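So that the names make sense, note that chain A is the first sequence line, chain B the second, and so on, each numbered from 1. It should be emphasised that the depicted structure is a prediction, and the values quoted were computed from it without experimental measurement.
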Amino acid sequence: MKENYFPQEIEKKWQKIWDETNAFKTPDESDKPKYYALSMFPYPSGKLHMGHVRNYTITDVIARFKKANGFNVLHPIGWDSFGLPAENAAMKHNADPETWTDENIAYMTKQLKMLGLSYDWDREVTTCKPDYYKWTQWLFLQLYKKGLVYKKEAAVNWCDECGTVLANEQVIDGKCWRCDSVVEKKYLSQWFIKITEYADVLLEDLDKLTGWGENVKTMQANWIGKSHGAIFKFPVVDSPNGDVKEVPVYTTRPDTVFGITYLVVAPEYGDIEKLTTPENKQAVEEYRANARKMTEIERLSTDRVKTGVPLGTHCKNPFTGEIFPLWTADYALVEYGTGAVMAVPTHDTRDWDFAHKYNLPLKVVIQNPENPSNCENEAYTDEGILINSGEFNGMKNTEAKKLITQKAVDEGFGEFKTQYRLRDWLISRQRYWGAPIPVVYCDKCGIVPVPEEQLPVMLPKDVDFKVVGKSPITTSQTFKDTVCPVCGGHATRETDTMDTFVCSSWYYLRYADAKNSGKCFDKDKVNHWLPVDQYVGGIEHAILHLLYSRFFTKALRDCGLLDFDEPFKNLLTQGMVLKDGAKMSKSKGNTVDPDEIFENYGADTARLFILSDSPPARDFDWSDAGVEGCYKFLNRVWRLISTNQDNISLCDSGLDSESFKDKSNDDLVRTVHIAIKGITNDISNDFQFNTVISKYRELVNAIYDWQAKKPQLNDEDKQVLSFAIKSLLILMSPVAVHLTEEAWHELGGAGSIHEQPWCEWDENLAKASSITLVVQINGKVKDKIEVDEGVGDEELKTIALESPKIKALTDGMTIVKTIVVPKKLVNIVVKG
RNA sequence: GCUCCAGUGGCGGAAUCGGUAGACGCGUUGGACUUAAAAUCCAAUCGGGUGCAAACUCGGUGCCAGUUCAAGUCUGGCCUGGAGCACCA
């Protein structure tokens with residue numbers, strides 16, 4: 001064993017061996033219980049960044065820990081490899097996106113191997129390869145058959161920079177999630193997945209996800225946005241042609257229905273033209289044109305002054321017989337509810353603002369119990385007692401909600417209604433580098449799905465990537481023109497491709513059966529491996545990927561392809577990697593290149609450091625000094641072992657014997673047992689790797705201290721040291737994967753350290769031989785006394801009371817009572 | 001506005017059940033080794049007070065209350081920061 005630690009040399013050596021022997025291959029069949037550890041797979045952008053390093057290291061340590069603890073662990077990796085950056089790169093160099101992607105995957109694969117990750121590379125999945133996207137297309141067809149996919153013309157989010165539409169989930173603050181440019185509304189015919197059909201179960205099943213953080217669950221719940229309310233239908237009294245009989249509205253405040261003074265429809269409301277009088281037509285048209293021009297950001301800004309114009313027509317309130325005017329205003333959203341709102345200015349802040357601007361009347365119907373002369377300066381939106389509400393007067397508004405709706409139901413102008421904020425998932429993209437949507441448009445038969453036996457619909461190669469203003473795929477001569485599978489006549493292929501989030505919504509299933517060429521996956525294999533026991537990834541997917549994947553799992557279950565409800569049993573959302581307090585990013589210039597760290601310090605240092613300073617869920621501040629510190633620590637570990645090489649014998653069978661445990665009352669043996677227990681518990685409880693690493697340090701410090709007191713080691717000491725080092729190596733093996741393997745090998749350990757079972761501890765040895773009794777007076781620490789471990793409660797009390805310090809302090813006082821916490825503490829309550 | 005999370009030394013953070021606040025590390029300071037440096041090792045490091053010193057003592061986990069023999073931890077009310085949602089009727 002070399003005296004000095006040369007990580008680069010060691011790491012290269014072992015990586016080669018692991019690679020050649022396929023060391024981390026996972027068999028499907030095993031006597032052991034299964035464990036599925038998964039990181040969110042990367043987009044092959046070119047190089048790994050520190051976020052990747054953190055993500056994959058966390059999952060790798062978990063996978064290795066579980067393996068050592070007797071599980072058959074599935075720990076796969078793949079590539080989320082469709083998407084716009086490849087296409088943009090291709091456009092820039094007029095090259096094939098596939099070449100760019102392949103090169104990136106090759107480079108990043110090399111980096112993953114340099115990090116020493118224990119992947120089963122035989123299960124690698126690459127979403128842009130036909131053997132994968134064939135099944136993405138196949139699954140699309142299954143959902144289509146189930147009626148969960150449809151095409152419709154709708155107001156959609158258009159990103160001009162990316163030249164494509166976006167899903168709702170991909171619009172952040174009115175901007176594109178990818179390129180940050182402002183998103184426009186466009187009316188286009190697009191493909192949607194009916195995720196709303198699963199809104200309720202997606203919400204309800206969040207309760208089953210006990211292994212998910214509350215933050216992610218509430219984010220999803222908010223996004224789904226379930227609300228309970230009513231639909232009321234208001235008869236139109238003066239529709240110009242008499243062809244619109246009523247306007248339905250959705251409200252969560254049926255209790256305020258007696259306070260309606262006007263009604264608002266969205267500018268895009270379907271019947272708006274029929275509800276406009278000829279005199280108002282011009283103003284309404286202008287208003288609508290103006291609304292169309294506005295960006296989402298402008299339109300949705302809450303601090304904007306509300307605007308609107310009257311339509312000239314009126315509705316009747318069936319509860320009161322009152323007639324009130326119809327307006328259009330862009331604060332009503334066509335996509336939500338019915339696209340029309342009943343306005344109660346006295347009890348809704350938005351209606352209040354609008355009514356004040358246009359001098360619309362107010363009618364108070366809910367009385368503020370603390371301030372009966374309410375609604376003079378602002379809307380009153382809290383609970384209260386109904387007034388001016390006919391038969392409902394005097395009732396609590398919370399109770400009236402139900403009764404008022406019931407009346408509407410009974411009299412045929414209303415119904416109870418549950419409403420969701422979630423919209424259907426827009427999945428078509430006007431881009432080349434994605435899975436082609438397997439559909440053709442026949443001149444005669446209309447929309448025809450591609451027959452399954454014709455899959456995959458391959459991406460064409462005869463494409464001009466330099467084209468501007470349309471998808472490159474449309475330039476292919478061979479792609480568009482095709483034959484209708486039904487009638488054999490001329491047909492045109494769909495040129496839209498699928499959102500990459502469709503590809504990533506099922507990849508975790510494919511790992512269970514990655515090489516299956518006849519099916520997307522074998523049902524038994526998927527049922528065996530899934531759900532994922534531990535999923536690890538960034539919080540940025542809290543809604544997008546995680547919601548889509550949950551939906552996919554449920555939809556595929558309903559297609560009979562699998563038998564479970566939720567894909568990810570436990571979710572760990574790791575924090576960001578920061579540098580100098582800001583997220584690492586190229587634009588800020590505060591990135592740290594993993595390659596440089598590997599080169600200068602080795603992967604083990606990188607792994608150790610990225611786990612050391614913060615718990616996984618919290619943000620992690622990268623510091624050069626911290627890396628240096630971890631490197632020094634590994635050197636310290638190496639030195640400890642290399643200078644003791646002759647004193648250590650790993651294959652000493654005596655280490656595992658009962659007699660060794662019994663005869664060893666050595667403090668170091670106890671320290672090791674305490675470390676094993678602590679480290680095992682810290683990993684098991686929420687993967688607290690930062691404290692695991694502090695315990696590595698404590699153990700190493702303890703071994704050094706122990707040795708400093710023993711200039712000469714006798715045979716028993718050597719056995720104790722061997723036990724300590726062996727345990728240290730195994731405990732550190734999930735993190736410092738190369739160093740521990742090398743040391744294990746050099747010290748004559750059998751096989752690979754990564755095949756060793758985890759250390760066990762003896763409960764009796766995993767505690768100090770004596771305890772420090774804390775003595776408090778009135779809750780304040782006054783004395784600390786070393787006592788034997790086995791001392792009983794009564795005796796502890798006596799010891800405490802007889803301590804000279806305590807005697808002096810309690811002298812002349814009345815002892816009211818004495819509380820004894822076994823093996824820990826005595827609190828003496830005194831008076832006087 | 002609503003929802004969730006967090007707040008502990010100079011810094012990252014630690015503290016199963018309510019039971020010694022500040023583990024472990026970074027940084028800083030002093031020292032040893034060295035011609036010198038690097039590396040390594042040793043010591044100190046929350047604040048105030050008493051003391052030459054060992055030591056002793058008081059205060060302290062965002063703020064204010066409360067529960068308790070005992071609160072970083074539990075309860076209520078605030079403050080600050082972060083994240084998500086948001087003219088969603």
Side-chain angles (χ1 to χ4, degrees), chain A residues 4 172-173 213-227 229 249-253 256 264 266 299-304 306 329-333 335-344 347-351 353-354 381 419-423 539-540 542-543 573 576 578 609 612-615 617-630 632-633 635-636 639 678 681-682 685 688 690-701 704 708 772-784 805 816-822 824-830:
Chain A
N4 293 316
I172 315 288
D173 291 334
E214 217 46 53
N215 53 342
V216 179
K217 289 197 277 185
T218 33
M219 276 163 77
Q220 290 212 356
N222 286 344
W223 186 261
I224 294 167
K226 185 177 186 173
S227 68
V249 304
Y250 171 73
T251 180
T252 54
R253 293 298 304 276
T256 63
V264 177
R299 169 94 188 250
L300 296 178
S301 161
T302 42
D303 36 278
R304 208 175 109 240
K306 290 182 178 40
D330 59 12
Y331 80 90
L333 305 174
E335 316 95 89
Y336 187 75
T338 62
V341 184
M342 61 178 229
V344 185
H347 305 296
D348 181 286
T349 52
R350 295 152 301 181
D351 299 341
D353 293 344
F354 192 81
T381 56
Q419 185 69 39
Y420 298 91
R421 208 174 307 207
L422 183 70
R423 311 284 152 80
I539 187 77
E540 66 273 17
I543 294 171
T573 46
M576 288 187 297
L578 312 176
F609 176 56
S612 66
D613 267 7
S614 299
R618 230 183 281 183
D619 286 350
F620 177 88
D621 211 337
W622 184 275
S623 79
D624 297 334
V627 182
E628 198 71 45
C630 286
K632 283 182 188 174
F633 173 67
N635 272 286
R636 192 166 145 83
R639 223 176 309 121
N681 287 343
D682 284 357
N685 301 334
Q688 292 179 56
N690 53 331
T691 57
V692 168
I693 285 158
S694 72
K695 281 166 184 151
Y696 291 163
R697 292 176 185 273
E698 283 175 346
L699 179 55
V700 170
N701 290 346
Y704 269 110
T772 308
L773 177 69
V774 174
V775 186
Q776 299 179 328
I777 295 178
N778 289 346
K780 301 213 181 270
V781 179
K782 294 294 172 185
D783 199 6
K784 294 173 189 179
K805 264 190 200 170
V816 182
K817 68 173 160 178
T818 311
I819 287 116
V820 181
V821 181
K824 217 173 229 170
L825 174 143
V826 175
N827 187 16
I828 302 157
V829 186
V830 297

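Using a distance-only test at 3.5 Å, with no hydrogens or angles considered, a donor-acceptor pair links the side chain of A:Asn827 to the main chain of A:Gly779.
Using modelled atom types, one finds a donor on one side chain and an acceptor on the other under 3.5 Å when comparing A:Tyr336 with A:Ser227.
Residues A:Phe609 and A:Phe633 place their aromatic rings such that the two centres sit no closer than 6.0 Å.
For A:Gln776, no side-chain nitrogen or oxygen approaches OP1 or OP2 of B:rG18 to under 4.0 Å. OP1 or OP2 of B:rA89 sits under 4.0 Å from a side-chain N or O of A:Tyr336. Look at A:Lys817 and you'll find a side-chain N or O under 4.0 angstrom from OP1 or OP2 of B:rC69. Within the 4.0 Å cut-off from OP1 or OP2 of B:rC41, at least one side-chain nitrogen or oxygen of A:Arg636 is found. A:Thr691 has no side-chain polar atom (N or O) that falls below the 4.0 Å cut-off from OP1 or OP2 of B:rA14. An OP1 or OP2 oxygen of B:rG84 is reached within less than 4.0 angstrom by no side-chain nitrogen or oxygen of A:Arg421. Using a 4.0 Å cut-off, no side-chain N or O of A:Lys780 falls inside it from OP1 or OP2 of B:rU57.
At whole-Å resolution of the value, CH2 in A:Trp622 and C1' in B:rG25 are 15 Å apart. Distance A:Phe633 CZ to B:rU40 C1': 16 Å, rounded to the nearest Å. A straight line from CG of A:Asn681 to P of B:rU16 spans 11 Å, rounded to a whole angstrom. Across the protein-nucleic acid pair, A:Glu335 atom CD and B:rA89 atom C1' stand 13 Å apart, rounded to whole Å. Summarising the geometry, the separation between CD1 on A:Ile543 and P on B:rA86 is reported as 8 Å, rounded to the nearest angstrom. Counting to the nearest Å, the P atom of B:rG84 and the CG atom of A:Asn222 are 12 Å from each other.
A donor N or O paired with an acceptor N or O is found under 3.5 Å between the base of B:rC87 and the side-chain atoms of A:Lys306. Taking only distance into account, the side chain of A:Asn827 meets the base of B:rC69 through a donor-acceptor pair shorter than 3.5 Å.
A:Ile819 pairs in a side-chain contact (heavy atoms from CB on, under 4.5 Å) with only one of the listed residues (A:Val829, A:Val826, A:Ile828), which is A:Val829.
Of the two residues near RNA chain B, A:Lys784 and A:Val216, the one whose nearest nucleotide lies more 5' is A:Val216.
Listed nucleotides B:rG84, B:rC69, B:rC24 differ in distance to A:Asn701; the shortest reach to its side chain belongs to B:rC24. Comparing B:rA89, B:rA14, B:rC24 against the side chain of A:Ser694 picks out B:rC24 as the nearest.
At the heavy-atom level, A:Val781 lies under 4.0 Å from the strands shown only through sugar-phosphate atoms.
Distance check on atom C1': B:rC11 versus B:rC46 gives 13 Å, rounded to whole Å. Across B:rU61 and B:rA71, the matching C1' atoms stand 11 Å from one another, rounded to whole Å.
Taking the ring centre of A:Tyr704 as origin, the terminal cationic atom of A:Arg639 falls outside the region bounded by 6.0 Å and 45° from the ring axis.
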